[in-house]
Amino acid sequence: MSKIEFDKPGNFLYPLPAVIVSCGDEEASNIITIAWTGTVCSDPPMVYISVRKERYSYPLIKKTGEFVINLPSRDMAWALDRAGCITGAKDDKFRDCKLTRAKSLKVSAPSIAESPVCIECKVTQVLELGTHDMFLAKVVSVSVDDKFLDDKGVFHMDQCDLIAYEHGAYRTMSETLGTFGFSVRKK
């Protein structure tokens with residue numbers, strides 16, 4: 001196998017979670033499609049999102065210090081893309097994307113009712129990086145759609161049909177190849 005180097009190095013870490021971040025408060029709220037997101041710590045539970053300063057959502061997050069990461073299912077693919085293609089400065093993106101504002105449990109930013117998983121976050125630090133600023137945040141609440149709970153109360157994320165982003169394309173996460181530790185389990 002031979003490999004060639006691209007002329008210009010860039011981020012080539014794919015796939016990534018494709019999420020819809022909701023932000024703001026009762027006065028002004030918005031949603032934004034984000035693929036620059038992930039986990040940074042498990043105890044305390046912390047995540048990050050990276051947002052361009054010129055985006056309409058940026059000052060809303062800066063003002064409240066809160067946001068919600070809404071994991072979209074396959075049924076939300078059109079809304080996921082649409083929320084990243086139009087601006088909240090001109091449109092009510094909730095209405096335009098046919099998504100429902102839901103009251104969050106612990107933050108002022110709304111959640112998205114259609115999302116199978118809503119992760120409520122409080123910003124702890126903003127890192128200015130270049131094209132994007134990174135909002136580091138503590139997870140303060142997670143709510144899930146109860147239709148993905150079994151009779152023992154166990155949540156089955158694999159049934160949510162979540163979306164990933166890969167170099168310009170949205171993809172579903174559909175096949176399980178193993179579970180953590182399968183390579184070292186005794187047979």
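Since the structure is predicted, the reported quantities are computational estimates derived from the model, not experimental observations. Each residue takes its place number in the sequence, starting with 1.
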Derivation of the side-chain contact (heavy atoms from CB on, under 4.5 Å) call for L162 and M157: CA-CA 8 Å; L162 298 177; M157 189 171 278; 3.7 Å; yes
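No donor-acceptor pair under 3.5 Å is formed between the side chain of E66 and the backbone N or O of E120. Of the possible polar contacts, none joining the Y58 side chain to the I61 backbone as a donor-acceptor pair under 3.5 Å is found.
The NE2 atom of H167 sits 13.0 Å away from the CG atom of L13 when rounded to the nearest 0.5 Å. To the nearest 0.5 Å, the span separating CZ on R74 from CD1 on I163 amounts to 8.0 Å. The distance from atom CE of M76 to atom CG of D161, rounded to the nearest 0.5 Å, is 12.5 Å. Note that CD1 of I31 and CG of L60 are 12.5 Å apart. Values are rounded to the nearest 0.5 Å. Distance OG1/T100 to CD1/I112: 9.0 Å, rounded to 0.5 Å. Here the CG atom belonging to D91 is positioned 4.5 Å from the CD1 atom belonging to I86, to the nearest 0.5 angstrom.
Every residue was checked against the side chain to side chain donor-acceptor pair (under 3.5 Å) condition with Y56, not counting sequence neighbours, and none meets it. Under the rule for a ring pair (Phe, Tyr, Trp, His ring centres under 6.0 Å), Y48 has no partner lying at least two apart in sequence or in another chain.
Residues S50 and H132 come closest through the heavy atom pair O-CD2, 3.7 Å. Residues F67 and V21 share a closest heavy-atom pair of CB-CG1, 3.8 Å. Residue T64 comes nearest to D25 through the heavy atom pair CG2-OD2, 3.9 Å, listed as atom of the first residue, atom of the second, then distance. Residues S22 and S111 approach most closely at OG-CA, 3.9 Å, considering heavy atoms. Looking at every heavy atom in both residues, V68 comes nearest to S104 through CG2-OG, 3.6 Å. K152 approaches D150 most closely through the heavy-atom pair N-OD1, 2.8 Å.
Judged as a salt bridge (charged side-chain N to carboxylate O under 4.0 Å, His left out), the pairs with a partner in residues 132-147 (not counting sequence neighbours) are, in order, K53-D133. Residue pairs satisfying the salt bridge (charged side-chain N to carboxylate O under 4.0 Å, His left out) criterion with at least one member in residues 34-44, sequence neighbours excluded, are absent. Residue pairs satisfying the salt bridge (charged side-chain N to carboxylate O under 4.0 Å, His left out) criterion with at least one member in residues 93-109, sequence neighbours excluded, are listed as follows: R82-D96, D92-R95, D92-R101.
The local environment of CE in M173 is sparse, with at most 12 non-hydrogen atoms from other residues, nucleotides or ligands closer than 6.0 Å. Taking a 6.0 Å sphere around CD of E54, one finds it holds more than 12 heavy atoms contributed by other residues, nucleotides or ligands.
Residue L105 is found outside any hydrophobic cluster, as its side-chain heavy atoms come under 4.5 Å of no other Ile, Leu, Val, Met, Phe, Trp or Tyr.
By the 4.5 Å heavy-atom criterion applied to side chains, V19 and I119 are not counted as neighbours. Taking 4.5 Å as the limit, every side-chain heavy atom of Y170 sits out of range of all side-chain heavy atoms of W78. Looking only at side-chain heavy atoms (C-beta outward), L71 and C160 stay at 4.5 Å or farther from each other. Between V117 and V142 the shortest side-chain heavy-atom distance falls below 4.5 Å. Using a 4.5 Å heavy-atom threshold, the side chains of V47 and C121 count as touching. When side chains are defined from C-beta on, I49 does not count as touching I32, because their heavy atoms never get closer than 4.5 Å. Using a 4.5 Å heavy-atom cutoff, the side chains of I34 and V51 are in contact. The shortest side-chain heavy-atom distance between T179 and R185 falls under the 4.5 Å cut-off.
Residues V126 and L136 are members of separate hydrophobic clusters, defined by side-chain heavy-atom contacts under 4.5 angstrom among Ile, Leu, Val, Met, Phe, Trp and Tyr. In the hydrophobic cluster analysis, where Ile, Leu, Val, Met, Phe, Trp and Tyr join through side-chain heavy atoms closer than 4.5 angstrom, F135 is grouped together with V139. Under a hydrophobic clustering in which Ile, Leu, Val, Met, Phe, Trp and Tyr are joined whenever their side-chain heavy atoms come within less than 4.5 Å, directly or via other members, V123 and M134 fall into different clusters. In terms of hydrophobic clustering, with Ile, Leu, Val, Met, Phe, Trp and Tyr side chains grouped at heavy-atom distances under 4.5 Å, L129 and L16 are assigned to different clusters.
Using a 30° and 60° split on the angle between ring planes, W36 and Y14 fall in the tilted class, from 30° to 60°.
Donor-acceptor pairing under 3.5 Å is lacking for the side chains of E26 and S108.
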